[in-house]
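FYI, the numbering just counts along the sequence from 1. These values consider heavy atoms only, across backbone and side chains, with no hydrogens, waters or symmetry-generated copies.
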Amino acid sequence: MNGEAKRSVEALPGGDAGEGMPAHVAIIMDGNGRWAAKRGLPRFEGHRRGVEAIRRAVRVAGDFGIRYLTVYSFSAENWRRPAQEVSDLMGLLKRFVRHDLADLHANNIRVRIIGTREGLASDIRPLLDEAEQLTRHNTGLTLVIAFNYGGRQEIVRAVQALARKVKDGSLAPEAIDAATLEAHLDTAGIPDPDLVIRTSGEQRVSNFLTWQTAYSEFVFIPDFWPDFDEAIFRAAIDEYFKRERRFGGLSARAV
């Protein structure tokens, strides 16, 4: 985006992405526990308030005309957390699907789940399947939920799938290119994120969309995830508008 294309999200009408608006925003939702600790509350309350922030983010993304919103809800490494916290997080996921799925569907939002479902509890996997099946024909915002997800693990699964095809003779090794690998990722059919937002002030990707974020813009904000609201979302997109995306080419000002 060159200097003339830079703009403010304040000028965007609701539901109209407009020129230069990110089509896909991905969020690393960080800081629930620290938000709770700062207020002398149990960690569970931070996670509960984090779910409320997801609802706000989905609403605002739809108002902005963003087409894809990906949220990092539970990583493959999060199983290392204390058993009670993992149980609390699973409970919040179940409540979110049971209580919010009807509203998401009514608002024409499509739900897509990425991450492995192998080994998930018998009361979790059917909920994920139901969310995808119910909303599969919706044409509005696509809400991508990264659950039991890790970027490196995703790439390994894709490579294993390609290796099986090579082994059975249905795919020649020399036919494998970036597009072929992308078609075997969990995110097949979803455009790469234009913008990745991480809350809480941490500045790392934490095994999130490792392949897909090769040319994403990153905005790190100090606010904890439970405080994420429309004003913070707007500020992050305003920062995105200031960036010049070159994808390895020359600056528009240099040609």
What one should report as the nearest heavy-atom pair of T180 and H184 is O-ND1, 2.8 Å
task: Treat each ILVMFWY residue as a node, draw an edge where side-chain heavy atoms are under 4.5 Å apart, and state whether I54 and I221 are in one component.
output: yes
* Asked: Just checking, any donor-acceptor pair under 3.5 angstrom between side chains of W211 and E154?
  -> no
Next item on the list: Using distance alone, with no hydrogens and no angle criterion, decide if T116 and R157 have a side-chain donor and acceptor under 3.5 Å apart.
Entry: no
Which pairs of donor and acceptor atoms, one on a side chain in residues 96-103, lie under 3.5 Å apart (sequence neighbours left out)?
from, atom 1, to, atom 2, distance (Å)
D100, OD1, R55, NE, 3.4
D100, OD1, R55, NH2, 3.1
D100, OD2, R55, NE, 2.7

Query raised in the report: Is there a path from F208 to W79 through hydrophobic residues (I, L, V, M, F, W, Y) whose side chains come within less than 4.5 Å of each other?
Result: no
Item to complete: Compare all side-chain heavy atoms of I176 with those of V166 and state whether any distance is below 4.5 angstrom.
Response: yes
* **Heavy-atom donor-acceptor pair, R56 side chain to P226 backbone, under 3.5 Å** => yes
Nearest heavy-atom contact between G50 and W225 is O-NE1, 2.9 Å
Worksheet item: Do D229 and D223 come close enough that some side-chain heavy atom pair is under 4.5 Å?
Response: no
Evaluate whether atom NZ of K94 has more than 12 neighbouring non-hydrogen atoms of other residues, nucleotides or ligands under 6.0 angstrom away. yes
Do Y72 and D30 touch side chain to side chain, with heavy atoms closer than 4.5 Å? no
Quick one: are R198 and S206 in side-chain contact, heavy atoms under 4.5 Å?
yes
**Message:** Do L89 and F74 have side chains that approach each other closer than 4.5 Å (heavy atoms only, starting at C-beta)?
**Reply:** yes
Close side-chain approach of V196 to L209, heavy-atom, < 4.5 Å: no
* **Polar side chain donor-acceptor pair, H24 to D192, under 3.5 angstrom** => no
Taking C-beta and beyond as the side chain, do V219 and R243 meet within less than 4.5 Å on heavy atoms?
yes
Residues M29 and S73: closest non-hydrogen pair is CE-CA, 3.7 Å
Worksheet item: Are the side chain of Y240 and the backbone N or O of D194 linked by a donor-acceptor pair below 3.5 Å?
Response: no
Counting heavy atoms not belonging to R152, are there more than 12 under 6.0 Å from its CZ? no
Residues A131 and T135: closest non-hydrogen pair is O-OG1, 2.8 Å
Sorted by chain and number, sequence neighbours left out, side-chain contact (heavy atoms from CB on, under 4.5 Å) with A61 holds for I66, L69, L141, F233
For N207 and G150 the tightest heavy-atom approach is ND2-CA, 3.4 Å
Exactly one of H47, R43, R48, R49 clears side-chain hydrogen bond (donor to acceptor under 3.5 Å, both in side chains) with E45, and that residue is R48
Taking every heavy atom of F220 against every heavy atom of R204, the minimum-distance pair comes out as CE2-N, 3.8 Å
